[in-house]
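Data first, discussion second: the structure below is written as structure tokens.
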Amino acid sequence: MSEIGKKRRLNDSSSEAKATPDVVLYSYWRSSCSWRVRIALEMKGIQYQYVAVHLVKDGGQQHHKEFVEKNPMHQVPALFIDGQLITQSTAIIEYLEETRPDVPVLPRGFHARAKARALAQIVNSGIQPVQNLSVLQIIAAELGNERKVQWGHDAIANGFKALEAEMAKCSGRYSV
């Protein structure tokens with residue numbers, strides 16, 4: 001039997017917490033995409049069941065047939081909610097925002113919402129894809145481990161430089 005689904009835990013370690021099988025997050029603790037979704041779920045007070053999908057163990061559990069049926073992109077997170085399985089962190093967060101607007105994750109104004117989305121996309125599209133695990137594995141195989149480390153460092157540093165420049169243009173309680 002696959003390890004996927006064996007390691008289940010609640011998002012709250014207290015004995016009073018009750019996760020619902022109606023909301024299940026397939027996630028990996030080191031995945032920044034998964035962190036985005038966990039933060040949104042916590043902010044909105046949504047109880048969920050956590051199913052660990054280890055990205056390295058057993059050749060990467062995201063490549064196992066059981067998970068690929070959930071997400072053909074072989075990526076976490078995936079959220080089962082309202083009878084549907086949703087993948088991709090920004091799509092999940094937008095869904096939560098639209099279906100559970102009482103506790104907003106995004107700012108209220110149109111311009112501020114657009115700015116928040118733009119900042120998220122710098123990370124989501126500009127930093128993360130070029131330094132994620134699957135890309136770094138290819139870089140290591142082609143160019144060696146030392147170049148892999150430099151590649152990841154450069155991608156993150158350049159992305160954060162752009163992110164900080166954009167964040168300097170706006171202000172608020174958080175970044176927008």
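Residue numbers count from 1 along this sequence. Side chains are part of it too, since the values below use all heavy atoms of this structure and drop only hydrogens, waters and symmetry mates.
- Nearest heavy-atom pair across Glu66 and Lys70 is O-NZ, 3.6 Å.
- Arg108 and Pro101 get closest at one heavy-atom pair: NH2-O, 3.4 Å.
- The two atoms that bring Ser27 and Arg38 nearest to each other are OG-NH1, 2.7 Å, heavy atoms only.
- The shortest side-chain heavy-atom distance between Ile92 and Pro77 falls under the 4.5 Å cut-off.
- With sequence neighbours excluded, the residues forming a side chain to side chain donor-acceptor pair (under 3.5 Å) with Glu94 are Arg117, listed by chain and number.
- His74 meets the side chain to side chain contact (heavy atoms under 4.5 Å, CB included) test with Gln62, His63, Val68; sequence neighbours excluded.
- Rounded to the nearest 0.5 Å, atoms CD (Glu97) and CE (Met43) are 8.5 Å apart.
- Contact detail for Val76 and Ser34: the closest heavy-atom pair is CG2-OG, 3.5 Å.
- Taking CG of Leu96 as the start and CD1 of Ile81 as the end, the distance is 5.0 Å to the nearest 0.5 Å.
- Think of Val130 as one node in a network of Ile, Leu, Val, Met, Phe, Trp and Tyr side chains linked at under 4.5 Å; its network also takes in Val135, Leu136, Ile139, Leu143, Trp151.
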How far apart are the C-alpha atoms of Asp82 and Arg100, what are their side-chain angles, what is the distance that settles it, and do they pass the side chain to side chain contact (heavy atoms under 4.5 Å, CB included) test? CA-CA 11 Å; Asp82 299 335; Arg100 290 148 176 90; 2.8 Å; yes
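- Rounding to the nearest 0.5 Å places CZ of Arg30 at 8.5 Å from NE2 of His54.
- Here CE of Met73 is found 8.5 Å from OG1 of Thr87. Values are rounded to the nearest 0.5 Å.
- Val103 and Val105 end up in different hydrophobic clusters when Ile, Leu, Val, Met, Phe, Trp and Tyr side chains are linked at under 4.5 Å.
- Remark: Ser32 OG to Ile127 CD1 distance equals 9.0 Å, nearest 0.5 Å.
- Residues Gln128 and Cys33 come closest through the heavy atom pair NE2-SG, 3.1 Å.
- Remark: Ser125 engages Gln121 in a side chain to side chain donor-acceptor pair (under 3.5 Å) (not counting sequence neighbours).
- Pairs of residues two or more places apart, or lying in two chains, never qualify as salt bridge (charged side-chain N to carboxylate O under 4.0 Å, His left out) while including a residue from residues 138-157.
- Although no hydrogens or angles enter the test, the distance criterion places no donor-acceptor pair under 3.5 Å between the side chain of Gln49 and the main chain of Val24.
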Where do Arg36 and Ile93 land on the side chain to side chain contact (heavy atoms under 4.5 Å, CB included) test, with the steps shown first? CA-CA 8 Å; Arg36 287 193 281 268; Ile93 293 168; 3.8 Å; yes
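- If you chain together hydrophobic residues whose side chains sit under 4.5 Å apart, Leu106 and Met167 never meet in one group.
- Residue Leu25 is grouped with residue Trp29 when hydrophobic side chains (ILVMFWY) are merged at heavy-atom distances under 4.5 angstrom, including chains of intermediate members.
- Residues Leu85 and Tyr26 are in side-chain contact: their nearest non-hydrogen atoms beyond the backbone lie under 4.5 Å apart.
- Criterion: ILVMFWY side-chain heavy atoms under 4.5 Å apart, direct or through other members. Under it, Ile86 and Tyr50 are part of a common hydrophobic cluster.
- In this view, Gln75 and Gln88 satisfy the side chain to side chain donor-acceptor pair (under 3.5 Å) rule, not counting sequence neighbours.
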